[in-house]
Amino acid sequence: MSTRIAFLKGHGTENDFVIVPDPENALDLPPAAVAALCDRRAGLGGDGLLHVVRSAAHPEARGMAAEAEWFMDYRNGDGSVAEMCGNGVRVFARYLQHAGHVTEGDLAVATRGGVKTVHIAKNGDVTVGMGRALLPAGDVEVSVGEREWPARNVNMGNPHAVAFVADLDHAGDLYAPPSHAPAGAFPDGVNVEFVVDRGPRHVAMRVHERGSGETRSCGTGACAVAVATARRDGLDPAATGTPATYTVDVPGGTLVITERPDGEIEMTGPAVIVAEGEFDSAWLEGVLA
């Protein structure tokens with residue numbers, strides 16, 4: 001017998017998500033089901049899926065339940081599991097507010113990348129504490145077609161390769177993952193950001209997200225870009241004692257990234273719920289049959 005399953009759609013700087021509330025972790029969402037829901041022609045459409053679960057109800061999050069009531073079980077658009085999604089955390093927090101679970105102010109969200117601190121401002125912007133960036137040693141290169149660039153290896157709980165380019169069009173269509181070297185640098189794949197300067201502490205980027213292709217925005221990618229740009233500019237807040245703030249334009253809008261002297265990185269931007277409804281479980285079962 002089919003059942004009706006609630007969903008919502010939301011986006012953060014046009015990085016869009018299917019949101020599936022499931023507080024007690026009762027739904028079975030294998031990779032093929034997630035991919036079907038995120039399909040833009042045959043499904044609901046999204047760069048990824050936010051599975052909303054109470055931390056205590058999910059085996060991967062029970063250890064964080066004392067710190068964060070809610071767990072963002074994030075999946076990429078192809079159904080694969082991801083450690084973190086910065087825009088996703090903002091939309092996740094907006095959903096919790098929309099559903100009446102939280103109000104304006106501070107909250108904590110459990111993710112596979114750890115517990116993230118979130119602040120929902122009165123003006124609608126959401127700020128997420130994204131943790132500290134790791135800067136693995138070693139040279140990395142990325143390439144698209146005949147072009148190749150040196151890249152900065154930045155880990156934000158998920159891996160990024162940040163390349164500074166003369167023109168964002170040089171990244172090509174970004175349908176396929178850009179190549180990277182050495183092959184062993186990113187054994188689980190990598191998100192690749194292409195960056196150009198727009199002005200003092202102001203850059204623009206395009207991104208290929210592993211498992212999703214080019215997206216309109218990537219929150220962890222914007223943080224990686226800000227850190228890589230600061231180091232390129234000779235700025236290290238841990239050394240200077242002064243925060244470094246960069247404005248990062250993405251195709252879907254603008255994010256503001258601040259790296260503090262203690263290494264903590266904060267990302268501020270919009271998060272919007274655009275629709276809610278139901279889908280029939282029989283449709284999903286038919287797709288998976």
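Only heavy atoms go into these numbers, but all of them, side chains included; no hydrogens, no water, no symmetry mates.
- In this structure, Glu193 and Cys218 approach most closely via the heavy-atom pair OE2-SG, 4.5 Å.
- In this structure, CG in Leu255 is found 5.5 Å from CG in Asn87, a value given to the nearest 0.5 Å.
- The side-chain heavy atoms of Glu266 and Thr127, taken from C-beta on, include a pair separated by under 4.5 Å.
- Considering all non-hydrogen atoms of both residues, Ser217 and Thr13 come closest at OG-OG1, 2.6 Å.
- In summary, Glu24 and Arg54 engage in a salt bridge, as defined by a charged side-chain N under 4.0 Å from a carboxylate O.
- Looking only at distances, a side-chain donor or acceptor of Asn123 sits under 3.5 Å from a matching main-chain atom of Asp125.
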task: Kindly indicate, with the supporting measurements, whether the criterion side chain to side chain contact (heavy atoms under 4.5 Å, CB included) is fulfilled by Val225 and Phe164.
output: CA-CA 9 Å; Val225 164; Phe164 295 92; 5.7 Å; no
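- A continuous path of hydrophobic side-chain contacts links Leu37 to Leu288 [ILVMFWY only; heavy atoms under 4.5 Å].
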message: One pair to check against side chain to side chain donor-acceptor pair (under 3.5 Å): Glu104 and His119. What are the steps and the verdict?
response: CA-CA 7 Å; Glu104 292 172 356; His119 180 80; over 6 Å; no
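- Residue Leu8 is not grouped with residue Leu284 when hydrophobic side chains (ILVMFWY) are merged at heavy-atom distances under 4.5 angstrom, including chains of intermediate members.
- Each side chain to side chain donor-acceptor pair (under 3.5 Å) pair with one or both residues in residues 202-212, not counting sequence neighbours, appears once here: Glu83-Arg210, His202-Asp249, Arg206-Glu214, Glu209-Thr215.
- Note: Glu285 CD to Asp28 CG = 10.5 Å, rounded to the nearest 0.5 Å.
- For the pair Asp167 and Val196, the minimum side-chain heavy-atom distance is 4.5 Å or more.
- Between Thr258 and Pro243, the shortest heavy-atom distance links the atoms CG2-CB, 4.0 Å.
- By the criterion of side-chain heavy atoms lying less than 4.5 angstrom apart, applied directly or through intervening Ile, Leu, Val, Met, Phe, Trp or Tyr residues, Val272 is not grouped with Tyr74; the two fall into different hydrophobic clusters.
- Hydrophobic clustering keeps Val34 apart from Phe17 (ILVMFWY residues linked when any side-chain heavy atoms are closer than 4.5 Å, directly or through intermediates).
- With respect to Arg112 and Asp73, a salt bridge is recorded, a charged nitrogen being found less than 4.0 Å from a carboxylate O.
- A donor-acceptor contact closer than 3.5 angstrom links the side chains of Thr220 and Asn158.
- Remark: Ile273 CD1 to His98 NE2 distance equals 6.0 Å, nearest 0.5 Å.
- Between Glu69 atom CD and Ser55 atom OG the span is 8.0 Å, to the nearest 0.5 Å.
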query: Going through the checks in order, is the side chain to side chain contact (heavy atoms under 4.5 Å, CB included) test met by Thr245 and Val256?
result: CA-CA 7 Å; Thr245 297; Val256 177; 3.7 Å; yes
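- Inter-residue side-chain proximity for Val109 and Leu107 is flagged as met; some heavy-atom pair is nearer than 4.5 Å.
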message: The test is salt bridge (charged side-chain N to carboxylate O under 4.0 Å, His left out); show your working for Asp16 and Arg40 and say whether it passes.
response: CA-CA 11 Å; Asp16 65 331; Arg40 295 193 180 279; 2.6 Å; yes
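- By the side-chain hydrogen bond (donor to acceptor under 3.5 Å, both in side chains) test, Arg132 is found to be paired with no residue, residues two or more places apart in sequence or in another chain being considered.
- Considering only heavy atoms from C-beta on, His51 comes within 4.5 Å of Leu49 through its side chain.
- Between Glu278 and Phe7, the shortest heavy-atom distance links the atoms N-CE2, 3.4 Å.
- For the pair Phe186 and Pro159, the tightest heavy-atom approach, listed with the atom from each and the gap, is CD2-CB, 3.8 Å.
- Note on Asp262 versus Arg260: salt bridge recorded, some NZ/NE/NH1/NH2 to OD/OE distance being below 4.0 Å.
- For the pair Val115 and Thr117, the minimum side-chain heavy-atom distance is 4.5 Å or more.
- No donor-acceptor distance shorter than 3.5 angstrom exists from the side chain of Arg90 to the backbone of Arg94, with no hydrogens or angles considered.
- Here the side chains of Val20 and Leu27 are in contact, with some heavy-atom distance below 4.5 Å.
- Phe71 is not connected to Tyr95 by any chain of hydrophobic side-chain contacts under 4.5 Å among Ile, Leu, Val, Met, Phe, Trp and Tyr, and they are in different clusters.
- Within the 3.5 Å criterion, the main-chain N or O of Gly45 finds a donor-acceptor partner in the side chain of Lys9.
- A donor-acceptor pair under 3.5 Å is absent between the side-chain atoms of Asn76 and the main chain of Gly79, judged by distance alone.
- If you take SG on Cys85 and CG on Asp47, they are separated by 8.5 Å, rounding to the nearest 0.5 Å.
- The minimum heavy-atom distance between Ala222 and Met205, with the atom names listed, is CA-SD, 3.8 Å.
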message: Before you tell me yes or no, could you show the steps for Arg232 and Asp197 under side chain to side chain contact (heavy atoms under 4.5 Å, CB included), namely the whole-Å CA-CA distance, both residues' side-chain angles and the distance that decides it to 0.1 Å?
response: CA-CA 12 Å; Arg232 183 205 63 178; Asp197 288 297; 2.9 Å; yes
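- Side-chain contact between Leu96 and Met72: absent, with no pair of heavy atoms (C-beta onward) separated by less than 4.5 Å.
- Although no hydrogens or angles enter the test, the distance criterion places a donor-acceptor pair under 3.5 Å between the side chain of Asp39 and the main chain of Arg41.
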message: Please evaluate residues Val250 and Val207 with respect to the criterion side chain to side chain contact (heavy atoms under 4.5 Å, CB included), reporting the C-alpha separation (whole Å), side-chain torsions for both, the decisive distance (0.1 Å), and the verdict.
response: CA-CA 9 Å; Val250 296; Val207 58; over 6 Å; no
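- Aromatic ring centroids of Phe194 and Trp149 lie under 6.0 Å apart.
- Put simply, the side chain of Arg75 never gets that close to the backbone of Val81: no donor and acceptor are under 3.5 Å apart.
- With rounding to the nearest 0.5 angstrom, the CD1 atom of Ile257 is 4.0 Å from the SG atom of Cys223.
- Counting heavy atoms from C-beta outward, Pro178 and Leu174 have side chains that approach closer than 4.5 Å.
- A donor-acceptor pair is defined here as one N or O able to donate and one able to accept, closer than 3.5 Å; such a pair exists between the side chain of Asp280 and the backbone of Ala282.
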